[in-house]
Every structure is written in C-alpha cells, then in structure tokens.
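Throughout, a chain's letter reflects where its sequence line sits, starting with A, and its residues are numbered from 1. Below, all heavy atoms of this structure are taken into account, side chains as well, without hydrogens, waters or symmetry copies.
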Amino acid sequence: MPDQETTNRASTSPAGDFVVREEVVIKFAGDSGDGMQLTGGQFTNTAALVGNDLATFPDFPAEIRAPVGTLAGVSGFQINFASRPVFTPGDSCDVLVAMNAAALKANLSGLVPGGELVLNSDGFDAKNLRLAGYASNPLEDGSLEGFTLHVMDVTKMTRETLQDYTLSTKEKDRSKNMFVLGFLYWMYDRPMQSSLDFLAAKFKKDPAIYEANAAVLRAGYHYGDTTETFATRYKVEPAKMPPGRYRSITGNEATGMGLVAASVRSGLPLFLGSYPITPASEILHYLAARKSFGIKTFQAEDEIAAICSAIGAAFGGSLGITTTSGPGMALKTEAMGLAVMLELPLVICDIQRAGPSTGLPTKTEQSDLLQAVYGRNGECPLVVMAAHSPSDAFETVYEACRIAVEHMTPVIFLSDGYIANGAEPWQFPQAADLPAIHPVFATAADADPERGFLPYRRDERLVRKWAVPGIAGLEHRIGGLEKQNETGNISYDPMNHELMVHLREAKIERIADFIPELRIDQGPEEGDLLLLGWGSTFGTCSAAVRDLNAAGYGVAHAHLRHIRPFPRNLESLMSRFKHVLVPEINNGQLVRILRDHFPRTFVPFNRIQGIPLRKSELMQAAVDVLRGVDAAGQTGLHSSASNAGGTPH
Amino acid sequence: MADSETLTAKSLVTDQDIRWCPGCGDYSILKQVQTVLPGLGIPREKIVMISGIGCSSRFPYYMNTYGMHSIHGRAPAIVTGLKATRPDLSIWLITGDGDGLSIGGNHFIHLLRRNVDCNMLLFNNQIYGLTKGQYSPTSELGKVAKSTPLGSIDHPFNPGALALGADASFVARSMDRDPKHLQQMLIRAAGHVGTSFLEIYQNCNIFNDGAFEALTEKSSKGANTLFLEHGQPLVYGMNSELGIRLDGFTPRSFVLDLEGSLEDCWVHDERDMVKAMILSRMFDDPGVPGSLPRPFGVLYAMERPVYEVMMEAQLAQAQAKRGIADSMEALDALIAGSETWTTA
C-alpha cells in the first residue's frame with residue numbers, strides 16, 4: 001500500500017534528460033550468493049559521496065547459501081537516498097532489482113504502484129519459476145502491468161562482456177551483480193569511480209578478477225546508455241546537510257570505532273573478549289584488524305569465557321569489553337553479576353536480534369531490554385544505554401566506556417541488527433572534541449596506615465578506586481561473595497548485606513547526576529502527545545513526527561539513550577504531555593519499565609516482525625491516540641489493518 | 001611505592017579466618033604454597049590468585065597477595081584475560097575437580113591448548129564438598145553419594161590424560177599428604193613457562209575421607225605409587241623392589257633382580273608426549289591385584305609458544321608495519337576512514 005513518504009515524492013521536475021527526485025528507495029534482491037549486500041553497499045557509498053542523505057536496511061537470511069532460487073534464500077538490501085533529511089530506509093521501494101523469480105516474489109508487495117522493476121530474465125527460467133512457486137512467468141503473463149519494466153539477461157551479457165577473459169564461467173558469473181550496479185549508476189547518474197577504486201582494492205592480489213568486475217560494471221552502465229535511450233533517468237541532488245566533513249558508517253563499524261576512541265582517550269589498553277555471533281561478529285572483526293592501536297582481541301571458547309576474560313582484563317587495568325547478541329547475553333548473565341559485585345569497569349555490547357532462543361538471527365528486535373535491566377540473579381543494578389542509529393553507536397558506546405571507567409561499573413550497551421548493518425552519512429567528530437575519560441586508579445598512598453588498603457572505600461559518588469595488581473601495598477582480594485563494606489572481606493552479616501545492596505543501587509542511580517537531561521528532539525515542548533522511543537526506532541519516530549507536524553498535528557518526540565538510570569528530568573518532561581506513546585520492536589518492554597517507575601499511563605505501540613517499524617503504521621497509531629481511539633494493533637489481532645484509515649494530510 | 005620487601009611464608013597469611021573443615025587436605029596445600037612462594041623471587045604485588053567456586057576456591061582469601069574468587073568454573077577464562085593483558089603477573093589458578101572439570105571443563109581444555117602462562121592447581125578430592133557431598137566428575141564408578149544413592153554410573157575423568165589430550169605443556173601430580181613432594185611440584189610448576197597443570201590429590205575428610213588412602217598412607221603408598229624423576233628408571237615398591245618396563249606401548253611391572261634389572265626399566269623422559277600419555281593411562285584402582293602403580297611427579301613438561309607472548313608479538317608486528325597508533329592523529333585518521341566528503 002502506498003505510504004505518505006512515497007506519494008510525497010511526486011514533486012519531480014525534468015532537468016535536461018533527467019527527472020529530479022527528492023527521495024528514492026531502491027531494493028536490491030537476489031539469491032544470497034548473488035552479491036546483493038555488496039551491490040547495495042557500493043550504491044550506498046556512492047550515494048554518500050554524491051552528498052545524499054541516506055539510510056539502509058540489509059535484510060538477509062541466516063543461511064550463508066540457502067538453496068539457490070528459493071524464497072528462503074532471498075537476500076535484500078534497501079537504500080533510501082535523498083536530497084532532504086532521511087530517517088528510515090523507507091516503508092516501500094520505488095525501484096526493485098530482482099535477480100530471480102524468488103527475489104521478485106518475496107519483494108514485489110513492497111514496490112510502489114508504478115514503480116520500476118529491474119529484472120534479470122535469466123532468473124526466470126522454468127526451474128526458478130517453479131522454485132519460487134510461480135504458476136506462470138510474471139514476465140509474460142501480464143501480472144506486472146502497471147510497473148515500469150527493465151528486463152535484461154544479466155547472466156548472458158556478463159558472459160559476453162567477459163568472453164575474451166580467461167576466467168571460468170563460474171568466475172565470470174560472479175561479477176553479474178556489477179552489471180546491475182552499473183545499470184543503476186546510469187539510471188541515477190552516479191559516478192563509478194568509488195566502486196572501481198573499491199574493486200581495485202578488493203582484488204589487489206587478483207588483477208584479472210578486478211578487470212572482469214570493472215568491465216562488467218562499465219558494461220552495465222553503457223547498456224543503459226545504448227539500449228535504454230528513451231528510458232527515464234533520474235537525478236537526486238545532494239542533501240542540504242550541516243556543513244562539515246562526512247563519511248558513511250554502519251552501526252557495527254561505529255561501535256568498534258567508538259571503543260577504539262575510548263581506549264585512546266582514556267589511555268587504557270583495550271581488551272575484547274568475544275565469541276562469534278550474528279549480528280555482533282563484525283565488531284570483533286573490526287577490532288581484530290586494529291592491532292596497531294594496541295588492541296587485544298580474544299576469540300573465546302564460549303560466551304561465558306568471552307565476558308570472563310574481559311573481567312580478568314579489567315581487573316588488570318584494561319578497558320574490558322565483550323560483544324554479543326541475545327542468546328550470548330543470556331549466557332553472560334552470571335558473569336555480569338560478578339562484575340557488579342567486583343565493581344570493575346566493563347562494557348557489554350548486546351547487538352540485539354529477534355528471539356527468544358536462537359530466534360531470527362539476522363532479523364532485528366529490541367527484545368533484550370528487560371534482560372539487560374532486570375535479568376540477573378540477586379539485586380544486581382548496572383547501567384543500560386542504547387544507541388539510536390548507526391552513527392549514534394559511536395557516541396553511545398564511547399559514553400558507555402566513559403561511565404564504566406569513571407563509575408567503576410559494568411555498562412550494557414544496546415544496539416540491534418538494524419543499527420549494526422544499516423548505514424548512514426555521519427558528520428564525524430574530531431578526536432580532540434571527544435569528552436575526556438578519567439580512570440581513577442588507586443596508588444600506594446591509598447593504603448590506610450592502620451587498616452591497610454580498603455578496596456571498597458568509596459568517594460562521594462560511591463565509586464571505589466581501581467586497584468590493579470602490581471602495586472605494592474594494595475594487595476587485596478575481591479570476589480563474588482558478599483563483601484564487608486570497605487574491606488571487601490567475606491561477610492554474612494545481615495545488616496552489611498542490606499547496606500551493600502543499597503550502596504550498589506545508589507551508586508548506579510547517582511550516575512543520573514552525570515548524564516544529560518532528556519530533551520525534545522522534535523515537535524512542541526508540551527502538548528497532547530509525546531512519542532518516547534529508545535534504540536533503533538529513532539529514524540521511524542523522527543520521520544513520523546516530522547510528517548505529523550507537517551500535517552498539522554502537534555506531536556513531540558524524545559528518545560532515550562539512558563535507560564538505567566533514566567535522565568533526571570524524564571518524569572517532568574513526560575508530565576508536559578497528555579499522552580505518551582511508546583513505540584518498540586518488541587512486545588512492550590520499555591513501557592513496562594516506565595510503568596515500574598512512573599505512576600501515569602503509557603500507550604504502547606509494538607511490532608514484532610523482525611523488521612524496523614513502518615512510519616505509516618506509527619503515524620496511524622499517533623493519530624489514533626490523538627483521536628482517542630484505542631491505539632492500533634495493541635492486541636496484535638488487528639495489527640495488519642492498523643493502516644486502514646489512511647494517513648493524515 | 002612501598003620498598004620491596006622480603007617475602008616470608010608468614011607474611012603471606014591473611015587476617016581472615018580459614019573456613020575449611022578441621023583436618024581438610026586444603027590446609028596442607030595452602031601451607032606448601034605459602035612455604036614455596038617466597039623462594040621464587042616474585043614480588044608479592046606481582047602474585048595473583050584466581051579461583052572459581054568450591055572449597056578449594058576459597059584459597060585466594062587466605063593468601064596475602066592480589067586475588068579474585070570468581071564464579072563457578074570460569075577462573076581459566078578470567079586468568080586468560082588477565083594474563084593476556086598483564087604478562088608481568090605471576091598467576092596462580094586455584095580450582096577443584098568439580099569447578100575445573102565439570103562446570104569449567106570447557107575452559108580447562110581451552111586454557112591448556114592456548115598455553116597461557118599460569119600455574120593451575122587442581123585440588124582433586126573426587127567429591128563435591130561445598131555443596132555437601134555429591135559425586136564429582138572424578139568420582140569412581142559406583143560412587144555412593146547424596147545424589148547417587150545407588151552408585152554413580154558416570155565414568156570418571158582421568159585429569160592427567162584429559163590435560164595431555166588438550167596438549168598441555170606441563171602435567172604433574174602430587175598429593176596433600178606428601179608436603180615435600182608437593183613443594184617440589186609447586187616449584188616445578190612455577191618454573192615452567194606456559195600453563196602448568198598440577199593435579200593435587202586432596203583428602204576431603206568429611207565427605208570422601210580416605211579416597212586416596214592406598215596412595216598416601218605409609219602402609220601402602222610404596223606399593224601403589226610411582227614417583228617419577230626425569231632421567232631416572234621407573235622404580236617403585238615398598239622397598240623399591242619393583243620396576244616398570246615398556247612392552248611395546250604397554251607398561252609392565254616386574255620384580256627387580258628377579259625378572260629383570262634396572263637396565264630393563266623404562267627411563268622417564270618428561271619431554272616425551274607419547275610416553276607421558278602412557279603414564280597418564282596408568283590409572284588403575286590402587287590395591288587391586290595386578291594393578292600398576294599411580295605415577296606422581298612431572299608426567300610431561302615441554303615448553304612451547306605461550307599465548308600472551310604470541311599476542312604481544314602480533315601487536316608488535318602490526319605496530320611495526322603501521323606505526324604505533326595511540327595518538328589523536330591516528331584516531332582522527334581511523335574515524336575519517338578512506339572516503340569522506342565535505343559540504344559547505
């Protein structure tokens with residue numbers, strides 16, 4: 001169904017041979033072996049370099065090579081690029097690239113009416129049609145009427161381009177994604193140089209493969225020129241973005257980079273203990289390749305060893321980090337409790353995915369929040385923070401490190417699959433502008449002349465000093481058993497236990513004095529409705545609130561980075577609004593925590609489909625709240641009809 | 001900084017009350033460690049005791065050094081992170097048969113294969129003591145314990161063989177009731193660069209009293225134990241009247257001077273992995289007619305590359321190639337990456 005973002009794009013005007021578009025959404029879809037992620041990634045880089053604002057959404061199966069030609073094996077990459085601010089990858093696409101019948105079938109419902117289809121005819125033979133479950137060939141049966149079709153035999157043309165190359169057919173076929181990329185570069189008038197540079201670097205050791213890919217990329221571009229002379233070409237002008245220097249960044253890159261930055265700015269060597277898990281593994285890869293920064297990465301035998309090794313490193317005075325996703329998070333639970341008891345700095349990066357159990361490993365969800373906040377044995381408070389976009393992961397994980405080190409506590413940093421794999425332009429900071437990180441190490445002077453060194457003596461923030469082995473006079477023992485206040489010796493005293501529980505809790509709550517207050521991101525400072533989000537719903541909330549306000553609804557948006565402790569002003573900020581709508585990609589987790597803290601009503605809005613929220617649905621939910629209608633889809637039973645009333649203008 | 005002190009056994013005692021049961025074998029182990037450590041020439045502040053959970057794991061609280069009493073089974077992982085980042089420390093990993101071989105079995109084998117330089121003391125009492133008497137992964141088949149009223153049907157681990165199977169670079173065995181030997185083994189373990197695995201038979205006088213009686217008591221020790229020394233023939237017996245020779249890959253006991261001479265004995269070579277494996281498989285129930293003696297001492301010791309050293313070498317290699325990137329300039333270059341654009 002058409003959504004507002006799409007219909008608004010009608011403001012096009014011819015510019016020479018080109019039609020100017022404000023915003024375009026392209027979805028690349030093919031077999032998981034067709035290289036669609038790489039193709040999408042290249043289109044993204046080029047769009048970024050051209051100056052468009054953009055957001056991307058890679059969507060791939062968990063299997064590396066699911067059966068060829070099947071719906072299960074379809075891998076997709078969606079990019080929304082525009083000359084205006086972009087907040088989401090788009091509810092639907094304007095262009096669908098389908099490398100085979102299954103890719104078409106899986107994605108056609110997401111193409112706007114009248115949208116453009118770029119189809120590889122070779123992927124529509126009898127076998128592909130059967131595997132995709134088509135009774136007749138959609139290229140021939142008229143079912144694609146109403147769309148603009150660009151049908152080409154990509155495989156054949158790739159092979160013809162490479163007929164003089166001494167490569168195997170299999171090797172030649174591997175570059176067919178470059179043909180499609182070249183065609184789209186032609187269609188959207190993009191320069192090829194960035195991709196040519198990328199290919200040259202990627203195949204540095206294999207010049208023949210580089211030459212082949214480059215030739216096919218150019219062939220795709222020229223194919224557009226020579227055969228589609230009368231087809232429409234489009235221009236998407238650079239977006240008007242705040243002046244400065246930009247780069248493109250994914251969430252996992254930003255997370256890895258933020259950790260390196262925290263290491264450099266704190267002067268602490270970074271140690272990462274990690275066990276491979278989707279969608280967090282790229283952070284391990286990123287840091288493993290940054291050894292010149294003195295970073296040590298340890299691929300542990302399991303999730304528990306991963307976090308425990310990071311605790312060991314933290315005991316020794318390193319910046320201890322562990323990275324994981326939901327199932328691994330569950331395994332790390334006991335060790336997080338140990339870190340809370342030891343009061344050592346530790347950052348646990350949970351790149352959430354759809355659960356429970358193994359769930360949907362490659363799909364996104366915000367469903368580890370309750371686990372992060374509450375999911376440990378005993379009274380076990382720690383800090384919980386969440387990134388809201390790919391580039392925001394840098395700042396948030398950096399801040400997580402700062403709090404962990406300066407407040408001697410484990411911090412859970414939440415990202416998710418959408419943030420991790422999504423990309424956006426980023427006006428990156430200078431190292432010197434990052435806030436300093438000040439670890440407070442104990443020195444021999446801290447040993448009390450009478451009582452010796454007291455490892456759990458606290459300052460006014462209730463923070464103990466970091467006493468690392470190697471310093472004479474500070475020898476002490478710490479552990480998971482309840483400790484006597486100040487001395488750290490084992491204590492079973494009832495009043496001491498209660499005191500320690502309260503001290504550990506108060507230490508975390510007091511961190512609220514050291515974090516920024518929550519502010520309204522967009523919309524009025526008071527009024528009828530506040531959208532209160534966290535994490536990766538930021539883009540959808542921003543786009544929805546922008547459009548709601550443009551349509552005359554006064555709706556505000558605030559987004560939480562700090563979930564434990566909450567910003568000090570959260571309650572007063574919410575009190576300025578009649579309704580608070582809480583959108584989440586889960587079954588209602590932040591809303592439960594809010595209800596735990598604040599005696600007021602909240603309206604949850606939840607989708608649990610393993611994909612980002614749709615702007616159109618969220619707008620509808622907001623309008624329903626304003627109209628006094630029960631928010632759409634709460635029971636989940638009529639969620640699919642929640643958009644039936646159409647979106648407001 | 002405090003001036004470097006002369007470490008003594010007494011100064012390694014903490015002010016904490018020891019909570020082990022009276023008569024527990026752990027007391028002896030604690031005493032031998034406190035006796036041996038001062039002679040190693042390691043400053044107190046460089047010594048770290050890391051343990052998991054269980055009776056043995058209370059150990060760090062009784063040692064006036066740095067220490068961490070962590071969570072069940074995970075001490076090897078904590079040690080790995082600590083040693084990887086602090087190669088300057090002398091790390092002693094204290095564990096038991098339940099902690100090290102059951103809940104921590106996975107970490108046990110991975111620590112050994114990586115060869116992180118540390119000393120792992122595994123107190124083996126063949127029972128769960130702290131949880132009050134359940135059978136452990138080293139309890140013998142048929143063990144009647146609280147959780148096995150009809151006897152254990154779990155085949156027990158052979159810790160030495162398990163360690164060698166994980167490519168341990170140092171495997172030794174000793175016992176709480178032989179202080180002198182235990183001290184020697186602690187010194188050997190400390191001297192080995194790499195993971196030193198020292199299994200210590202330890203009597204739990206409450207829940208498994210006498211588990212090693214046949215190996216530790218004067219009346220039977222000689223007949224049932226074989227004390228290994230590098231380069232020396234395998235001789236044992238109440239009066240050193242027995243020898244071990246190798247028949248192919250099979251060890252056989254024989255009476256010296258009657259069935260053969262000292263020259264026929266297998267001469268211990270602690271650098272021989274294959275023979276160490278055969279020694280580790282000498283695991284008969286002691287006292288059973290025809291059983292081979294249980295070897296004590298260093299079964300295997302062969303240094304090979306150490307994990308944290310290789311890790312440091314990789315860092316040095318990367319830094320030699322790309323320069324040490326700890327500056328703001330290097331961070332700025334990382335953040336900017338290779339492709340940027342500027343808007344006015």
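Of the possible polar contacts, one joining the Gln319(B) side chain to the Ser292(A) backbone as a donor-acceptor pair under 3.5 Å is found. No donor-acceptor pair under 3.5 Å is formed between the side chain of Asp332(B) and the backbone N or O of Gln430(A). Looking only at distances, a side-chain donor or acceptor of Thr343(B) sits under 3.5 Å from a matching main-chain atom of Pro242(A). For the pair Arg247(A) (side chain) and Ile335(B) (backbone), a donor-acceptor distance under 3.5 Å is present. The backbone N or O of Ile471(A) lies less than 3.5 Å from a partner atom in the side chain of Tyr66(B), making a donor-acceptor pair.
Both the backbone and the side chain of Ala48(A) come within contact range of chain B, with heavy atoms under 4.5 Å apart. Neither the backbone nor the side chain of Met49(B) comes within contact range of chain A, judged by heavy atoms closer than 4.5 Å. With a 4.5 angstrom heavy-atom cutoff, Ala289(A) touches chain B only via backbone atoms. Looking at Asp88(B), neither its backbone nor its side chain comes within 4.5 Å of chain A, counting heavy atoms on both sides. Both the backbone and the side chain of Ala261(A) come within contact range of chain B, judged by heavy atoms closer than 4.5 Å. With a 4.5 Å cut-off on non-hydrogen atoms, Pro425(A) touches chain B through its backbone and its side chain both. Neither the backbone nor the side chain of Ala254(A) comes within contact range of chain B, judged by heavy atoms closer than 4.5 Å. Heavy atoms of Asp197(A) lying under 4.5 Å from chain B are absent altogether. Interface remark: Ser51(B) contributes no atoms to any contact with chain A (heavy atom separation under 4.5 Å). For Arg86(B), the part sitting under 4.5 Å from any heavy atom of chain A is the side chain, from C-beta outward, and nothing else. The part of Tyr286(A) that comes within reach of chain B is its side chain, from C-beta onward, which places non-hydrogen atoms under 4.5 angstrom from that chain. When heavy atoms are compared at a cutoff of 4.5 Å, Ser70(B) approaches chain A by way of both its backbone and its side chain. At a 4.5 Å heavy-atom cutoff, Ala75(B) makes no contact with chain A through either its backbone or its side chain. Of the two parts of Leu89(B), only the side chain, counted from C-beta on, holds a non-hydrogen atom closer than 4.5 Å to a non-hydrogen atom of chain A. Proximity to chain A (any heavy atom under 4.5 Å) is restricted, for Met311(B), to the side chain, taken from C-beta onward. The part of Ile295(A) that comes within reach of chain B is its backbone (N, CA, C, O), which places non-hydrogen atoms under 4.5 angstrom from that chain. For Val468(A), the parts lying under 4.5 angstrom from a heavy atom of chain B are both the backbone and the side chain.
Chosen from Met257(A), Met241(A), Arg290(A), the residue pairing most often with chain B at heavy-atom distances under 4.5 Å is Met257(A). Taking chain B as the reference chain and counting heavy-atom pairs below 4.5 Å, the highest number among Ser248(A), Ser309(A), Gly479(A) is found for Ser309(A). Among Arg74(B), His107(B), Lys46(B), the residue making the largest number of heavy-atom pairs under 4.5 Å with chain A is His107(B). Taking Glu329(B), Arg58(B), His72(B), Gln317(B) one by one and counting their heavy-atom pairs under 4.5 Å with chain A, the maximum is reached by Arg58(B). For the options Asn64(B), Ile47(B), Ile53(B), Ile50(B), heavy-atom pairs under 4.5 Å to chain A are most numerous at Asn64(B). Listed options Ile324(B), Thr342(B), Leu334(B) were ranked by heavy-atom pairs under 4.5 angstrom with chain A; first place goes to Leu334(B). Counting heavy-atom pairs closer than 4.5 Å to chain A, the top-ranked of the candidates Arg44(B), Arg19(B), Lys83(B) is Arg44(B). The candidate with the highest count of non-hydrogen atom pairs below 4.5 Å against chain B, out of Ile311(A), Val260(A), Asp302(A), is Asp302(A). Chain B forms more heavy-atom pairs under 4.5 Å with one residue of Ile478(A), Thr443(A), Val264(A), Ile249(A) than with any other, namely Ile478(A). The most heavy-atom pairs under 4.5 Å with chain B, out of Gly488(A), Gly480(A), Gly244(A), Pro469(A), come from Pro469(A).
Across all their heavy atoms, Arg477(A) and Thr65(B) have their closest contact at NH1-O, 2.7 Å. For Leu82(B) against Gly316(A), the heavy-atom pair with the smallest separation is CD1-CA, 3.4 Å. What you find for Ala336(B) and Arg245(A) is that their closest heavy atoms are CB-NH2, 3.9 Å. Smallest separation of non-hydrogen atoms from Leu331(B) and Leu434(A): CD2-CD1, 4.4 Å. Taking all atoms of both residues into account, the shortest heavy-atom contact from Cys308(A) to Ile71(B) is SG-CD1, 4.2 Å. For the pair His69(B) and Leu338(A), the tightest heavy-atom approach, listed with the atom from each and the gap, is O-CD1, 4.4 Å.
Side-chain polar atoms of Glu339(B) and Ser194(A) form a donor-acceptor pair below 3.5 angstrom.
Between Glu308(B) and Lys296(A), no side-chain nitrogen of the basic residue sits less than 4.0 Å from a carboxylate oxygen of the acidic one, so the salt-bridge criterion is not met. A salt bridge links Glu301(A) to Arg114(B): one of the charged nitrogens lies within less than 4.0 Å of a carboxylate oxygen.
Here CD1 of Ile78(B) is found 9.5 Å from CZ of Phe315(A). Values are rounded to the nearest 0.5 Å.
The shortest distance between side-chain heavy atoms of Tyr61(B) and Ile490(A) falls below 4.5 Å. Taking the side chain as every heavy atom from C-beta outward, Val48(B) and Glu475(A) never approach each other to under 4.5 Å. Val50(A) has its side chain out of reach of Trp341(B): every pair of non-hydrogen atoms, C-beta onward, lies at least 4.5 Å apart.
Listed by sequence position, Phe271(A) are the residues of residues 266-275 of chain A in contact with chain B, using a 4.5 angstrom heavy-atom cutoff.
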